Amino acid sequence: MATNTLDDPEADDYSETESALETALRQLSAAATQVDVDEGVIERLKHPTRVVEVGVPLKRDDGSVEVYTGYRAQHDDVRGPYKGGLRFHPDVTAEECVGLSMWMTWKCAVMDLPFGGAKGGVVVNPKDLSTEEKERLTRRFAEEIRDTIGPKQDIPAPDMGTDAQTMAWFMDAYSMQEGETTPGVVTGKPPVIGGSKGREQAPGRSVAIIAREALRYYEKDIGEATVAVQGFGSVGANAARLLDDWGADVVAVSDVNGAAYDTTGLDTHAVPSHEEEPEAVMSYDAPNTLTNEEVLELDVDVVIPAAVGNVITADNADDVQADIVVEGANGPTTSAADKILEERGIPVIPDILANAGGVTVSYFEWLQDINRRQWSLERVHEELESMMLSAWDNVRTEVEARDASWRDAAYVVALERVGEAKSSRGLWP
Ligand code: GLU
C-alpha cells in the first residue's frame, strides 16, 4: 500500500483525487519527520492489523435477493479496543476504510482516549433501501462481523449513512446471538437502550468549540465572526447552530442541492437539518443562494467543510478565501490542498481534533454502559468541553513549540502517545 510517493511528504506528483488512505499515509509520513518515534513503530503504523471483508445478503421487499459487500478495518489497538464508525455509502472501499481507521487511531490518541482505530461499512446507497431493508441489512452485517467486534475488542458507532437507529438494530442483533444484552458493543445508540445523552450532537459541538478556540487564538471576536458551513447533517447543523447561538454570523449553509446565503447571517435553527428534513436547505427563504462548492470559496472568518471527504483539493485550494478552515468531515482536505493552504498562510484545524467530540462522547457512552449508570446532559457537556480544551491546548503547544501546522501538531501529539505505548509494550513475539 505504501509507495515511494506516499512515503515522501515532499513529493509533488499528487493525484487529483486522492484516496483517504493515500491522504492518511502522506500525513503520517509528514508528521513522522517531526517526532522522535522509532522507525519500526512508524512502519507498523502504516499497516492495519486486519481488514475483514464479508458478503451481506439481503432479501429485498420485492422478494429478490442482493448481496452487498461489507468491511471492518482495524488499524491499531495498542492503547485500547478498536473504535470507529460504520458507514453505509456507495463509495465505501476496503482502502477507504483503512485510511479512515488510521484517522480514528490518531483521533482517539489526540483526545487521550483508551481506544485504537477502526472503521467499516457496507457498499450500499441507503437512500435505495426501505427502513425494513436497512434493518435486515444492518442485522445481517452485525452477524457477519460478530467475531471481529465486541465491547472489549472493537466498538462500532454511527458514521455517514448510519444513525442511532442503525446502532440499536446492530446492538440487538449482536445481543440476541450472544444471549445477553450487550449495550457496550456499539456507541451512538438511543439513550433509552444505553446511549449517551448528547452523543448525536457531539461531533458538531466539538467542531463549534474548536472553531471558537481557533477564533480566540487568532484574536477574532466570535460576536463579529462570519462562518460558512458545507453540509447540514449532524456535524454541520449542530456546529452551525452552536456558533450562531454563541454570536457568530453563519452566512451560508449547504447540502447537495446548494446553499442558503445571507451576508447578515442566517437563522440556522430555521434551516432544516438533514435529520429534520433531508436535503431541504434550499427550502429556507434566503436572500441569496450559492452552489455547494461556492460555500468553500466565501470570504469568511471560518469555513467548515462538514459534508464528505476530498472537497478541498489542488483544484480549489487557491480559491479558499476564509481565514481559518475547521474540518468537520473526515478527510475534507487532500494533501496537495493542505500544502497550498499552508503556503497561503491559511490554518487548517484538522478533523482528528475538531470533530473528535463524537468519539469522545462515545467513550463516555461506553463508560456509562460498563457502569450501567447514565450521565446527565450537563455532565456530558462539561466533560466534553474540558476534554476538547485540553486536547486543543496539547495541540496548540506543539504548534507553537515546533512552528508546525495544526495538522502536523495534532499528529505529533497522537504519534507520541501511540509510539510510547508501542515501545513500552514491545513487539510480540
Ligand atoms: N464516526 C465518528 C468519527 O468519525 C465517531 C466514531 C465513534 O464514535 O466511534 O469520529
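Note that this is a predicted model, so its numbers are computed, not measured.
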What closest approach, in Å, do Val185 and Ile149 show between heavy atoms, and which atom pair accounts for it? CG2-CD1, 4.0 Å
Asn316 side-chain N/O to Val311 backbone N/O, donor-acceptor pair under 3.5 Å: yes
Minimal heavy-atom distance between Asp255 and Val281, with the atoms involved, is OD2-N, 3.0 Å
With Asp36 via salt bridge (charged side-chain N to carboxylate O under 4.0 Å, His left out) - residues at least two apart: none
Distance check, rounded to the nearest 0.5 Å: Asp77 atom CG versus Lys152 atom NZ? 14.0 Å
For this output row, return yes or no: ring centroids of Tyr82 and Phe115 closer than 6.0 angstrom. no
Short question: side chain of Gln230, backbone of Glu294 - any donor-acceptor pair under 3.5 Å? no
Taking every non-hydrogen atom, the tightest pair across Leu298 and Ala228: CD1-CB, 3.8 Å
Is the closest basic N to carboxylate O distance between Glu400 and Arg396 below 4.0 Å? yes
Could you check whether the rings of His75 and Trp106 sit parallel, tilted or perpendicular, using 30° and 60° as the cut-offs? perpendicular
I'd like to know if the side chain of Thr291 reaches the main chain of Gly258, judged simply by a donor and an acceptor atom lying under 3.5 Å from each other, with no hydrogens or angles considered. no
Show your working on side-chain contact (heavy atoms from CB on, under 4.5 Å) between Trp366 and Gln368 and close with a plain yes or no. CA-CA 5 Å; Trp366 186 71; Gln368 293 170 67; over 6 Å; no
So, taking the atom named OG in Ser405 and the one named CD in Gln34, what distance separates them when rounded to the nearest 0.5 Å? 7.0 Å
Does the distance from a Lys or Arg side-chain N to an Asp or Glu carboxylate O, for Arg140 and Glu144, drop under 4.0 Å? yes
Any carboxylate oxygen within less than 4.0 angstrom of a Lys/Arg side-chain nitrogen, looking at Arg212 and Glu385? yes
Just wondering, do Tyr363 and Thr187 contact through their side chains at under 4.5 Å, heavy atoms? no
Residues passing the salt bridge (charged side-chain N to carboxylate O under 4.0 Å, His left out) test with Arg402, sequence neighbours excluded, are Glu398, Glu416
Under the 3.5 angstrom rule, does the side chain of Arg241 hit a backbone N or O of Thr268 as a donor-acceptor pair? yes
Can you list everything that forms a salt bridge (charged side-chain N to carboxylate O under 4.0 Å, His left out) with Asp76? Sequence neighbours excluded, please. Lys422
For Ser206 and Ala354, indicate whether the former's side chain and the latter's backbone hold a donor-acceptor pair under 3.5 Å. yes
Do Arg26 and Glu18 sit within salt-bridge range, that is, some charged N less than 4.0 Å from a carboxylate O? yes
Near Glu276 CD, under 6.0 Å, is it more than 12 heavy atoms from other residues, nucleotides or ligands? yes
Side-chain contact test, heavy atoms from C-beta onward, threshold under 4.5 Å: evaluate it for Gln374 versus Pro191 and give yes or no. yes
Minimum-distance pair of heavy atoms, taken over all atoms of Ile155 and Gly184: CG2-O, 3.6 Å
How far does CG of Asn310 sit from CD of Glu22, to the nearest 0.5 angstrom? 9.0 Å
Could you check Tyr68 against Leu129 for side-chain contact (heavy atoms from CB on, under 4.5 Å), going step by step and ending with a plain yes or no? CA-CA 12 Å; Tyr68 297 92; Leu129 302 182; 3.8 Å; yes
Taking the basic N atoms (NZ, or NE/NH1/NH2) and the acidic carboxylate oxygens, is any pair closer than 4.0 Å for Glu43 and Lys46? yes
Under a 4.0 Å N-O cut-off, is there an ion pair linking Lys83 with Asp154? no
Is it true that a side-chain atom of Asp38 and a backbone atom of Ser423 form a donor plus acceptor pair closer than 3.5 Å? no
So does Glu342 pair up with Arg407, basic N to acidic O under 4.0 Å? no
Would you sort out whether Tyr217 and Trp406 count as a ring pair (Phe, Tyr, Trp, His ring centres under 6.0 Å), showing the intermediate values? CA-CA 12 Å; Tyr217 183 80; Trp406 289 88; 5.3 Å; yes
Please report the shortest heavy-atom distance between Ala208 and Leu243, naming the atom on each side. O-CD2, 3.7 Å
So, the side chain of Gln321 versus the backbone of Asp319: is there a donor-acceptor pair under 3.5 Å, distance only? yes
Ion pair Arg216/Glu213, N-O distance below 4.0 Å: yes
Inspect the contact between Asp323 and Lys220 and indicate whether a charged nitrogen and a carboxylate oxygen are less than 4.0 angstrom apart. no
Heavy-atom side-chain proximity of Asp112 to Arg417 below 4.5 angstrom: yes
Minimal non-hydrogen separation, Val302 against Ala322, with atom names: C-CB, 4.4 Å
